[in-house]
Protein chains: 2
Amino acid sequence: MNKGMTAKGRATRQRIIVAAAMLTRDKGAAETTLDDVRAATATSKSQLFHYFPEGRSDILAAVAEYEAGQVLEAQQPHLGDLSTWESWQGWRQAVLDHYTELGQKCPLGSLTTELGKSSPQARSIATSLYDEWEAALVRGVEAVTSDGEEAVRRRARSILAAVQGGVVMLQGTGRTDYLDAALTAAISPLRPVTVSAE
Amino acid sequence: MNKGMTAKGRATRQRIIVAAAMLTRDKGAAETTLDDVRAATATSKSQLFHYFPEGRSDILAAVAEYEAGQVLEAQQPHLGDLSTWESWQGWRQAVLDHYTELGQKCPLGSLTTELGKSSPQARSIATSLYDEWEAALVRGVEAVTSDGEEAVRRRARSILAAVQGGVVMLQGTGRTDYLDAALTAAISPLRPVTVSAE
DNA sequence: ACCAGGATGGACCGCAAGGTCCAAAGAAGT
DNA sequence: ACTTCTTTGGACCTTGCGGTCCATCCTGGT
């Protein structure tokens, strides 16, 4: 891979992706123009098309891939080890903190909603992201419950949906309350029975 | 209101809104052009600007308002009376059916994600929709639990987020499993303790 | 030192799409 | 029937933006 591309070239390419991702988060994919990207990266039109021959759609696809990686990375190391109730709580807090910090800017939203409709490859990126995410949650749910496979899967999906929903509401309203409530409610069935009740 | 507008005029205006809403659901707001709307409604450019002086953004705002109404309407009569566990189940099924039928086409997604970022008035429409929705859920949760106000509110928000999340996942993956799982999990704490356990 | 291939700059093109304008047709009141 | 306001048609303008092209500069290998 990266055939015929010097270190400088690769750096420029990466710079474009990162800047485009930021713009996309800020203004949405639809509002992000090639000129915006050009201005933000101090590059020329020809460079954009040099590194992304398909043009705009090519850049957006790269952004999608990049953002998909970021989404999971922001949840680490928690997402990788959800073996105890405490670790689930840690994960919950990490997600909450991350999106609180991001505020209105949501990578997933732009990708799924805006790109997903037109670009089929962006869709497949989103799908594989969800799959990976779900798999991690399934492992975690398995570790802390004794439910069957089907119940575990449903639980994991409800948690994933809770995150998505909370983020959507955050985007729409600017309030983190929804994400907080949704996350808390979604993982609370995983809490072990309290000792005092025993 | 509707000053200086004949019945015919109002009908045309409405036709434009409905058609634009359909296009927006299908292709997303960003991909919907005035010419598309024109073609779909058999109108002329001048009519578009006659009924929506601000142009495109004006139309999109009207669509937002229209769609917001539809969202709640699709949940009636269930949403209006969530006083029993059975009625909650009925509501859950109604939501599930409705979005299953819509498939990939989501009114909310386009509005919140695409319009919300640029148009402030679209945001306020979304916000008031959420408020109304949440209020209905709060009333329902209150009716079937004995929790305090704060807990009720959090529960309602988690349910609302579950719907949103499920719909996002439906859009992204095409599968209704997520919405199903999320809804089920979100309202299951409202289920009364089973008689057999008593 | 040379050269091939990559990196960069920026002028230029074409078109789609939002928006303007004026004139004609149709309704509604008197 | 006359007038006035609304409705409609569609030509036309403007511009933003994706995309092309070629000339120039730089870098790395021999």
Side-chain angles (χ1 to χ4, degrees), chain A residues 1-21 23-24 26-64 110 114-115 117-119 121-122, chain B residues 1-21 23-24 26-64 110 114-115 117-119 121-122:
Chain A
M1 265 304 145
N2 283 331
K3 57 184 181 202
M5 201 184 284
T6 69
K8 194 177 182 187
R10 253 170 287 133
T12 301
R13 194 189 137 96
Q14 189 62 18
R15 212 170 72 234
I16 293 172
I17 294 176
V18 174
L23 288 168
T24 300
D26 281 354
K27 318 195 299 174
E31 309 295 318
T32 302
T33 72
L34 293 188
D35 259 7
D36 290 337
V37 177
R38 207 182 47 65
T41 53
T43 53
S44 64
K45 264 289 182 56
S46 68
Q47 292 181 70
L48 263 40
F49 283 85
H50 180 69
Y51 295 110
F52 303 91
E54 313 272 290
R56 185 190 147 86
S57 60
D58 215 348
I59 294 180
L60 256 32
V63 168
S110 302
E114 298 184 42
L115 295 185
K117 247 152 193 154
S118 45
S119 154
Q121 54 184 337
Chain B
M1 264 303 145
N2 282 332
K3 58 186 180 196
M5 200 183 282
T6 70
K8 195 178 182 185
R10 252 170 286 134
T12 301
R13 194 189 137 95
Q14 190 62 17
R15 213 172 69 233
I16 292 172
I17 295 176
V18 174
L23 287 168
T24 300
D26 281 354
K27 319 194 298 174
E31 308 294 320
T32 302
T33 72
L34 293 188
D35 259 7
D36 289 337
V37 177
R38 207 182 48 64
T41 52
T43 53
S44 63
K45 265 285 182 57
S46 70
Q47 292 180 72
L48 263 41
F49 283 85
H50 181 70
Y51 295 109
F52 304 92
E54 313 271 290
R56 184 189 147 87
S57 61
D58 215 347
I59 294 180
L60 257 33
V63 168
S110 303
E114 297 184 42
L115 295 185
K117 247 151 194 156
S118 46
S119 154
Q121 54 183 337

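Letters A, B, ... are given to chains in the order of the sequence lines, protein chains preceding strands, and every chain is numbered from 1.
Closest approach of A:T32 and A:R56 over heavy atoms only: O-NH1, 2.6 Å.
Taking the side chain of A:Q47 as heavy atoms from C-beta on, and the options D:dT6, C:dA7, C:dG9, the nearest nucleotide is C:dG9.
B:F52 comes within contact range of no nucleotide atom at all, as no heavy-atom separation falls under 4.0 Å.
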Q: Please assess B:I16 against B:R38 for the test side-chain contact (heavy atoms from CB on, under 4.5 Å), listing each intermediate value before the final yes or no.
A: CA-CA 8 Å; B:I16 292 172; B:R38 207 182 48 64; over 6 Å; no

Q: Give the C-alpha distance, both sets of side-chain angles, the deciding distance and a yes or no for side-chain contact (heavy atoms from CB on, under 4.5 Å) between A:D36 and A:E31.
A: CA-CA 9 Å; A:D36 290 337; A:E31 309 295 318; over 6 Å; no

Q: Can you check each nucleotide of nucleotides 18-25 of chain D against protein heavy atoms at under 4.0 Å and return B for base, S for sugar-phosphate only, - for none, in 5' to 3' order?
A: BBBB----

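Between B:R38 atom CZ and D:dG9 atom P there is a gap of 10 Å when expressed in whole angstrom units. Atom C1' of nucleotide C:dG10 and atom NE2 of A:H50 are separated by 16 Å, given to the nearest angstrom. One interatomic measurement links the two molecules: CE of A:M5 to P of D:dT27, which rounds to 17 Å at whole-angstrom precision. With rounding to whole Å, B:E31 atom CD is found 15 Å from C:dG18 atom C1'. Spacing between atom CD1 of B:I59 and atom P of C:dG18 amounts to 9 Å, rounded to whole angstrom units.
Between B:Q47 and B:T41 the shortest side-chain heavy-atom distance does not fall below 4.5 Å.
Distance alone, capped at 3.5 Å, is enough to place a donor-acceptor pair between the B:R13 side chain and the B:Y51 backbone. Side chain of B:D58 to main chain of B:G55: no donor-acceptor pair is present (N/O by atom type, distance under 3.5 Å, no hydrogens or angles).
Contact annotation: B:Y51 does not reach the phosphate of D:dT6 (side-chain N/O to OP1 or OP2, under 4.0 Å). Put simply, A:T43 has no side-chain N or O that comes within less than 4.0 Å of OP1 or OP2 on C:dG9.
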